[in-house]
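Just so it is clear, the values below take in all heavy atoms, side chains as well, and ignore hydrogens, waters and symmetry mates.
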Amino acid sequence: MRLSRYYIPTLKEDPADAEVVSHKLLMRAGMIRKLTSGIYNYLPLGLRSINKVGQIVREEMDRAGALEVLLPMVQPADLWKETGRWEYYGKELLRFKDRHDRDYCLGPTHEEVITDLVRGEIKSYKQLPVNLYQIQTKFRDEIRPRFGLMRGREFIMKDAYSFDKDEAGAEESYFSMFNAYKAAFSRIGLRFKPVQADSGAIGGDFSHEFMVLAETGEDTIASCLHCDFAANLEKAKVKAPANASIDESAVPPMEEVATPGAHTVEEVCDFLKISADKLVKTMLFVVDGKPVAGLVRGDRELNDVKLRNLVGGNEIELADEALVRKLTGAPVGFAGPAGLDPEVPVYADHELLAATDWVAGANKGDAHVLHLALGRDCEIVKYADLRVIEPTDACPECGGKIEFTKGIEVGHVFKLGLKYSKKMEATFLDENGKSQYMIMGCYGIGVSRIVASAIEQNNDENGCCFPPSIAPFEVCLISLGGKDQDVADKAEELYAELQKLGVDVAFDDRNERPGVKFAEADLIGYPMQLVLGGKGLKNGIIEAKDRKTDEKIELPLDTFAASFADWRNRIWNNWGLQTP
RNA sequence: CGGGAUGUGGCUCAGUCUGGUAGAGCGCUGCGUUCGGGACGCAGAGAUCGGAGGUUCAAAUCCUCUCAUCCCGACCA
């Protein structure tokens with residue numbers, strides 16, 4: 001491809017509305033343009049990169065035996081009503097009506113459509129397992145789109161869905177996708193980590209997220225320095241405390257004290273001159289429409305995902321002020337487990353079993369209670385792991401030291417089980433002629449997000465440093481011909497030769513000054529730059545620059561093909577990648 | 001949805017407080033010079049200052065409403 005006939009609108013300055021480096025560079029390198037909030041145009045260069053990611057993912061899916069399909073973006077409401085998600089999915093689901101006033105939505109994911117397709121076609125155990133995937137634009141009306149391609153409303157996703165006849169098969173499908181993901185992300189050249197993830201109310205331990213390690217990640221990962229344990233913060237288990245035998249009989253009777261204006265843990269502790277670990281924090285939630293209370297120690301954070309899973313609900317949200325008043329009879333800040341509305345089930349973090357004689361809210365404005373004994377003074381439905389893991393906690397699996405890192409979720413594999421097949425009657429006849437539900441799994445990869453993630457991991461002050469696997473072009477051949485016809489002619493010759501070698505090359509044959517060509521090549525981040533100038537031609541060499549390391553070498557022109565091939569291999573190998 | 005900020009040529013911004021002829025740099029067009037790290041000179045094109053309403057002799061500037069974009073939050077009692 002000749003840059004003289006290509007369209008790459010680069011920018012010298014960072015766009016005003018870009019915050020993170022990938023967003024800035026995608027804009028500056030002329031790869032994307034914003035159409036409206038969270039919705040982007042993919043320009044020629046950006047699309048090339050996206051397509052390269054897509055192609056690698058496609059190859060790994062195919063290798064794993066999945067079959068590519070393409071499902072509609074526009075989906076009828078009826079299907080979503082069957083699974084109940086028309087109500088549940090919330091505002092992220094963009095709904096609209098057609099001319100006949102029928103309800104539709106834009107597909108944020110395709111469980112309904114795929115299940116509908118498969119239930120109509122697959123009737124026998126002999127046809128299972130089957131795994132169908134697509135690479136397609138998704139639309140989710142995100143509450144707050146941000147960071148360019150990182151969290152868009154419209155984005156490109158690979159989604160796969162497996163259907164199996166039994167548990168063993170479903171597990172096999174799951175791990176076959178898990179491995180395909182590892183292979184794909186490795187081939188792309190990302191530094192990533194699979195982590196345990198929340199599987200929601202659906203149950204089972206079969207959910208992993210694939211995290212790209214980057215500071216700008218929106219997720220936090222807890223991982224063990226000694227064993228394989230790694231989990232999303234919302235999933236990471238906290239070890240139960242050693243069984244301490246506590247004696248509540250020694251606790252003095254509960255006593256109410258005035259704590260005027262002390263709403264927060266900090267204020268209460270200051271006022272009563274106690275440390276936060278002496279306090280029980282009571283948080284009120286609504287799970288699927290019903291109020292629930294969760295207790296954690298004052299210095300801890302309650303993990304709402306754990307509470308939701310414990311209760312067995314689908315949706316959890318914090319109780320609003322009006323509900324808090326109704327349940328506690330007090331403004332926000334004075335809730336406690338004793339004297340709460342008896343309709344509210346109270347769950348407590350198991351850490352609270354390790355001590356007694358607590359301070360808690362009195363369910364009364366400007367008041368707290370002292371000497372609360374949980375077993376004596378209130379009814380706890382269950383003690384369980386409810387809090388967010390902290391860096392000082394021990395690894396829940398081996399007890400070793402853990403660390404926190406930030407990550408960008410680029411893939412998620414999920415064992416769905418019967419959730420959709422039951423609701424949508426996706427059944428088949430087994431060997432005995434008995435009707436069974438198909439066991440499903442679903443597997444997503446954020447294709448456009450991967451391009452952003454790759455830039456987050458690979459950039460410097462001059463621009464992008466793409467891994468060669470997904471760079472828009474692998475090589476940029478820069479001709480410093482100008483008026484020097486010999487240089488221009490030789491560059492043409494090399495361009496033809498590179499194409500013959502099957503190299504993905506951008507040929508900068510533009511009538512631009514050298515500085516412009518260099519700056520733009522660095523900005524765009526072609527992994528390899530070849531620079532042919534007058535001096536080099538005279539000496540029979542061409543300069544070769546590794547964008548990532550900035551290492552420059554000279555390749556002899558008389559043995560160009562061979563020396564280039566060597567150099568190219570080195571570049572790919574340095575990325576831990578195999579030359580195509 | 002709550003809080004904050006910003007909307008001025010294609011881009012990045014100044015001008016707004018204190019009302020009085022709409023600016024700069026980059027980019028773009030033409031001509032010339034230049035040609036190994038985002039060149040220079042000259043000549044140009046391009047903005048009813050996000051939109052609507054109001055105050056005023058006069059509004060980018062003040063007031064009201066509205067729209068858009070970005071950031072933070074929307075769990076810590």
[X] [atom1] to [N] [atom2]: how many Å, rounded?
X	N	atom1	atom2	value
A:Leu323	B:rA77	CG	C1'	13 Å
A:Lys535	B:rG36	NZ	P	9 Å
A:Arg28	B:rC11	CZ	C1'	12 Å
A:Leu480	B:rU34	CG	C1'	15 Å
A:Asn511	B:rU34	CG	P	13 Å
A:Arg146	B:rC72	CZ	C1'	9 Å
A:Ile143	B:rC72	CD1	P	13 Å
A:Arg510	B:rC35	CZ	C1'	14 Å

Exercise for the section: Please answer whether the main-chain N or O of A:Met150 pairs with a side-chain N or O of A:Arg449 as donor and acceptor at a distance below 3.5 Å. Expected result: yes
Which part of the nucleic acid does [X] contact within heavy-atom distance under 4.0 Å: base, sugar-phosphate only, or nothing?
X	value
A:Val296	nothing
A:Thr36	sugar-phosphate
A:Lys545	base
A:Ile316	nothing
A:Pro15	sugar-phosphate
A:Gly361	nothing
A:Glu317	nothing
A:Thr264	sugar-phosphate
A:Lys517	nothing
A:Asp522	base

Practice task
Can you tell me, in whole Å, how much space there is between the C1' of B:rU61 and that of B:rU34?
Solution key: 44 Å
Problem - B:rC70 versus B:rG25 - spacing of their C1' atoms, nearest Å - result: 24 Å
Handout entry: Side-chain N or O of A:Ser37 closer than 4.0 Å to phosphate OP1/OP2 of B:rA68
Key = no
Practice task
Compare side-chain N and O positions of A:Arg513 against OP1 and OP2 of B:rG38 and report whether any pair is under 4.0 Å apart.
Solution key: no
From C-beta outward on [X], which listed nucleotide comes closest to its side chain: [options]?
X	options	answer
A:Arg144	B:rA77, B:rC71, B:rA39	B:rC71
A:Glu13	B:rC35, B:rU12, B:rC75	B:rU12
A:Leu284	B:rG36, B:rA77, B:rC70	B:rA77
A:Phe147	B:rG38, B:rC72, B:rA77	B:rC72
A:Glu301	B:rC76, B:rG37, B:rG38	B:rC76
A:Ala16	B:rA77, B:rC13, B:rG38	B:rC13
A:Phe518	B:rC70, B:rA77, B:rG36	B:rG36

Exercise for the section: Spell out yes or no: do the side chain of A:Glu512 and the base of B:rG38 have one donor N/O and one acceptor N/O closer than 3.5 Å? Expected result: no
Handout entry: No-H, no-angle donor-acceptor pair, A:Lys12 side chain to B:rC26 base, under 3.5 Å
Key = no
Handout entry: Partner residues of A:Asn574 under the side chain to side chain donor-acceptor pair (under 3.5 Å) criterion, sequence neighbours left out
Key = none
Exercise for the section: Go through the structure and list residues passing ring pair (Phe, Tyr, Trp, His ring centres under 6.0 Å) with A:Phe155, not counting sequence neighbours. Expected result: none
Exercise for the section: Starting from the C-alpha separation in whole Å, work towards a yes-or-no answer on ring pair (Phe, Tyr, Trp, His ring centres under 6.0 Å) for A:Tyr6 and A:Phe473. Expected result: CA-CA 12 Å; A:Tyr6 210 65; A:Phe473 291 94; 5.8 Å; yes
Handout entry: Atom CD of A:Glu248: over 12 foreign heavy atoms under 6.0 Å
Key = yes
Problem - Within 6.0 Å of CD in A:Glu215, more than 12 heavy atoms from elsewhere - result: no
Practice task
Verify the distance criterion only: is there a donor paired with an acceptor across the side chains of A:Asp509 and A:Ser4 at less than 3.5 Å?
Solution key: yes
